[in-house]
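Values below: every heavy atom of this structure, side chains too, minus hydrogens, waters and symmetry copies. Everything quoted here is computed from the prediction, not taken from an experiment. Naming: A, B, ... by sequence-line order, numbering from 1 per chain.
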Number of protein chains: 2
Amino acid sequence: MAKHYEQYCPVAHALELVGERWSLLIVRELLKGPRRYTDLAEALPRIGTNVLAARLKDLEGCGIVAKRRLPPPTPAQVYELTPYGVALKPVMRELARWGLRSLPAPGDDEALAPGWLRGALDTFFAPVAPDGSFQFRVGDEEAALVDGEAAAGSVDDPDVIVEATPAAFYYLFVERRWDGVEVEGDRELLERLLEAAAPADDAVLA
Amino acid sequence: MAKHYEQYCPVAHALELVGERWSLLIVRELLKGPRRYTDLAEALPRIGTNVLAARLKDLEGCGIVAKRRLPPPTPAQVYELTPYGVALKPVMRELARWGLRSLPAPGDDEALAPGWLRGALDTFFAPVAPDGSFQFRVGDEEAALVDGEAAAGSVDDPDVIVEATPAAFYYLFVERRWDGVEVEGDRELLERLLEAAAPADDAVLA
DNA sequence: CCGCATCCCCAAAGATACTG
DNA sequence: CAGTATCTTTGGGGATGCGG
């Protein structure tokens, strides 16, 4: 935001850095790992190449993103988050938790971005996960949660295996409904995970 | 945001609701309590009356803000947050925590908004405060923290009294430096509070 | 191809004036 | 007091171009 809010306030200051349109979505993408310019353009439909370039320059300028040139074999350059950028993770988490409350369940034909399941586990479960290993198979995605760490793919001998459609997974997480969810193994452990990650119930008006 | 991001993602969805310029600052103001139109315009320098009106309409439209007409004696109307709006508090908190890391200390002549101290206590300390009562006097503001609740003004017989300039208060909180801070009472309790509320140290790059 | 810079156009923000 | 109306300016969306 070239224009400043002109207030001494940490929130206003934060929004001056990442409050512009697309900024936080770029951060969201980069939280998944380093990405090339074209990867970002592809993951952010309708962003427009000039805006993407401008945002990356801004984010780089204020130390949230760094540009790195990959070693010779593949002479590509990638963008990645600095530690300051990674520190936005709690912001993204709370934004996602809040946004989820009014996000409808995914349609059965909804196009989910590749890697979404790992991202969801990382955002919602990883910070509060009890010890144990969870294997999730949702739609055509597969990801695992092992001792508070989300990972793509599958893990050996998990404590519990969860299988569901995206919609069923949504209902399980958001409304604690088990219809269409297949559980194998330690169901009670899964219940504890869901409990810990529960989307905040309505905050009472102060 | 009239324009949609067209992604099935809770963060994108959240940003469609509150991602526009000024939206979150309006929420920040309303987190302090119900406000009249003019109060908001005054608290948000340079917002421009048309933009304020538009944002309020948007926020009302998606259930974050409600307009209420005050009972006859004073026929004013006020805006206030719905429970869904209040649920943005954690988002604001994380944004503020993150923003604070690159916000410089306030200058001695910095104009702070009235009530800022109570807001700071509420945002940073209230959610993690240990039991006990704290009295803060910073600059010309006075606020207290009693059993995890922030309140303006002063409290009887607090466990600890903290007195400082805004800059000294900043350094105390952000850098754990005690220069220029006067403490009376249970200093160890204050240290525990600061510990609990500590601005996240650098998240390690994943 | 990948990584942008440029150009054009329209939508949204800023500023100011004015009204129920 | 609580906005609407109007005008100007800025910034985003979309297409295209162009050097490495």
A:Y171-A:W178 aromatic ring centre distance below 6.0 Å = no

Any ion pair linking [Y] and [X] (charged N to carboxylate O, less than 4.0 Å)?
X	Y	answer
B:D122	B:K89	yes
B:E94	B:R97	yes
A:R21	B:E20	no

Just the rounded figure in Å: distance from [atom2] of [N] to [atom1] of [X].
X	N	atom1	atom2	value
B:L52	D:dT4	CG	P	10 Å
B:R69	D:dA2	CZ	C1'	10 Å
A:R68	C:dC2	CZ	C1'	17 Å
B:L25	C:dA13	CG	P	13 Å
A:Y5	C:dG14	OH	C1'	13 Å
A:D58	D:dG12	CG	P	9 Å
B:E16	C:dA12	CD	P	14 Å

query = What closest approach, in Å, do B:L31 and B:M92 show between heavy atoms, and which atom pair accounts for it?
reply = CD1-CG, 3.7 Å

message = Using 0.5 Å steps for rounding, measure from the CG atom of A:L95 to the CG atom of B:L95.
response = 6.5 Å

task = Keeping the roles fixed (side chain from B:D147, backbone from B:G132), state whether a donor-acceptor pair exists under 3.5 Å.
result = yes

ask   = Is there a donor-acceptor pair closer than 3.5 Å between any side-chain N or O of B:Q135 and the backbone N or O of B:V155?
value = yes

Pairs where residues 35-51 of chain B contributes a residue and the test salt bridge (charged side-chain N to carboxylate O under 4.0 Å, His left out) is met, not counting sequence neighbours = A:E6-B:R46, B:R36-B:D39

key: Estimated bend of the helix from C:dC1-D:dG20 to C:dG20-D:dC1 (axis per five terminal pairs, rounded to 10 degrees)   = 30°

ask   = Quick one: is B:W22 getting a side-chain N or O under 4.0 Å of the C:dA12 phosphate, OP1 or OP2?
value = no

ask   = For A:R21 and C:dA12, is the shortest distance between a side-chain N/O and OP1 or OP2 below 4.0 Å?
value = no

task = Could you check whether B:I47 gets within reach of a base, just the sugar-phosphate, or nothing at all, counting any heavy atom under 4.0 Å?
result = sugar-phosphate

task = Mind checking B:R55 for me? I need base, sugar-phosphate or nothing, with any heavy atom below 4.0 Å counting as a touch.
result = sugar-phosphate

Please list each protein N or O that sits under 3.5 Å from an N or O in nucleotides 3-5 of chain C, with the distance.
| from | atom 1 | to | atom 2 | distance (Å) |
| --- | --- | --- | --- | --- |
| C:dG3 | OP1 | A:Q77 | O | 3.3 |
| C:dG3 | OP2 | A:Y37 | N | 3.4 |
| C:dG3 | OP2 | A:T38 | N | 3.1 |
| C:dG3 | OP2 | A:T38 | OG1 | 2.4 |
| C:dG3 | O3' | A:Q77 | NE2 | 3.3 |
| C:dC4 | OP2 | A:Y79 | OH | 2.5 |
| C:dA5 | OP1 | A:K57 | NZ | 3.3 |
| C:dA5 | N6 | A:T49 | OG1 | 2.9 |

